[in-house]
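Below, all heavy atoms of this structure are taken into account, side chains as well, without hydrogens, waters or symmetry copies. Computed from a prediction, not measured in an experiment: that's the story for all the values here.
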Amino acid sequence: MTYYDIFNGDADGLCALHQLRLVEPRDAVLVTGVKRDVRLVEKVDAQRGDELTVLDVSMEENAAALIPLLARGVRCLYFDHHSSGNIPVHENLRAFIDTSSGSCTSLLVDRHLDGRMRPWAAVAAFGDNLDETAHTLGASLQLVPKQLERLAELGRCLNYNGYGERIEDLYFPPAELYRMVSRHRDPFDFIEHEAAFGVLRDGRANDIARAAGLTPVAETEAGAVYVLPDEAWSRRVVGTLANDLARSRRGRAHAVLVAKPGGYSVSVRAPRERPTGADALCRRFAGGGGRAAAAGINLLRQVDLDRFIREFMDGF
């Protein structure tokens, strides 16, 4: 019998798995990748009697690989907050899905575990740009503002590491970063004792500094579109830049595009005051998906750029 832990390479996926394994330790094969690498179940050749734990990747994107595994006799525990499509009804599947805009996978795991590892859920919520939720979790733990600031910094650094087109763009492969995190029951211990935290903090700050002063290629009161060059720092900074823009102008939608061969990768953030519509917009383009508040397109073709900008502005 083989266990597989399959998780998104961002803060939410990593912290969701960490919470589970702190309570339910298990030796498992780790299956992960960059944040945009969401079709992870297809990378597993599981057999009857094996067990999957899947965290923070869309069931809709993984259904084609998941359904045959369930039929083969593979058991699966699934937590996620992205678009699910039709959730299979099968005796081998236990699914905890919540696609509401205020949810994230680590919150679902936090509920499942009755809050036993809640500091890590707060880290994930900060990383997933759910600051109000994270502060609510922190208040339940009686954390003071300085402690919350440290957890917010950790969450944003862990999330930052997931952004890139390929593993080589990242500061740490997500599986390696998870193994470092897994040594620490307390997130403050990770902050104080892991050199990786300093690498992520400084690298993130340097990349953000490079993005400072960018001007949008299209802008209205309702939305703004930015385009970054085809460079590793751009691929790393795209998510953080999108989140920072969303926080700074809560009533405005933002799209951040990064040039790549054949077109652009796209990150969209709906207005924080009206956190809906990002997924609907991105799904109009091949390779697009996500959730209502934050979504993306893996490859927006160059010929579709003007159409995307027009529909983005019209949609928000």
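Contact check on K43 versus D37 returns a salt bridge, with a Lys/Arg side-chain nitrogen under 4.0 Å from an Asp/Glu carboxylate oxygen. With respect to the salt-bridge test (charged N to carboxylate O, under 4.0 angstrom), the residues R179 and E176 do not qualify. In summary, R156 and D128 do not engage in a salt bridge, as defined by a charged side-chain N under 4.0 Å from a carboxylate O. Under the 4.0 Å criterion applied to side-chain N and carboxylate O atoms, E194 and R183 are assigned as salt-bridge partners. The pair K35-E165 does not meet the salt-bridge criterion, since no charged nitrogen lies less than 4.0 angstrom from a carboxylate oxygen. A salt bridge links D230 with R235: the closest approach of a Lys/Arg side-chain nitrogen to an acidic carboxylate oxygen falls below 4.0 angstrom.
R307 forms a cation-pi arrangement with F285, by the criterion of a distance under 6.0 Å to the ring centre and an angle within 45° of the ring axis.
A donor-acceptor contact closer than 3.5 angstrom is absent between the side chains of E60 and S84. Counted by atom type alone, S58 and R291 present zero donor-acceptor pairs between their side chains at under 3.5 Å. For the 3.5 Å distance criterion, the side chains of D80 and H82 qualify, holding a donor opposite an acceptor. Side-chain contact annotation: D207 with Y163, donor-acceptor N/O pair under 3.5 Å absent. Under the 3.5 Å distance criterion, with hydrogens and angles disregarded, a donor-acceptor pair is assigned to the side chains of Q47 and D45.
For N86, the CG atom counts as loosely surrounded, since its 6.0 Å shell holds 12 or fewer non-hydrogen atoms of other residues, nucleotides or ligands. Heavy-atom neighbours of R250 CZ from other residues, nucleotides or ligands within 6.0 Å: above the threshold of 12. Atom CZ of R301 has 12 or fewer heavy atoms from other residues, nucleotides or ligands within 6.0 Å.
Counting Ile, Leu, Val, Met, Phe, Trp and Tyr side chains that sit under 4.5 Å apart, directly or through other members, I167 shares a hydrophobic cluster with V34, L170.
You'll find the side chain of P119 stays beyond 4.5 Å of the side chain of D186, heavy atoms only. At a threshold of 4.5 Å between non-hydrogen side-chain atoms, the residues F312 and V225 count as touching.
Below 30°, between 30° and 60°, or above 60°: for F7 and Y178 the angle between ring planes is between 30° and 60°, a tilted geometry.
When each of N129, N243, D244 is paired with R269, the side-chain hydrogen bond (donor to acceptor under 3.5 Å, both in side chains) condition holds for N243 and for no other.
Under the 6.0 Å cut-off for aromatic ring centres, F96 and Y78 do not qualify, their centroids lying 6.0 Å or more apart.
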**OP:** For the pair S267 and R36, evaluate side chain to side chain donor-acceptor pair (under 3.5 Å) and give the outcome as yes or no after the intermediate values.
**Re:** CA-CA 10 Å; S267 291; R36 289 183 181 272; 3.0 Å; yes
Original post:
Does the pair V123 and L158 meet the rule for a side-chain contact (heavy atoms from CB on, under 4.5 Å), with working shown?
Top reply: CA-CA 9 Å; V123 170; L158 293 178; 3.9 Å; yes
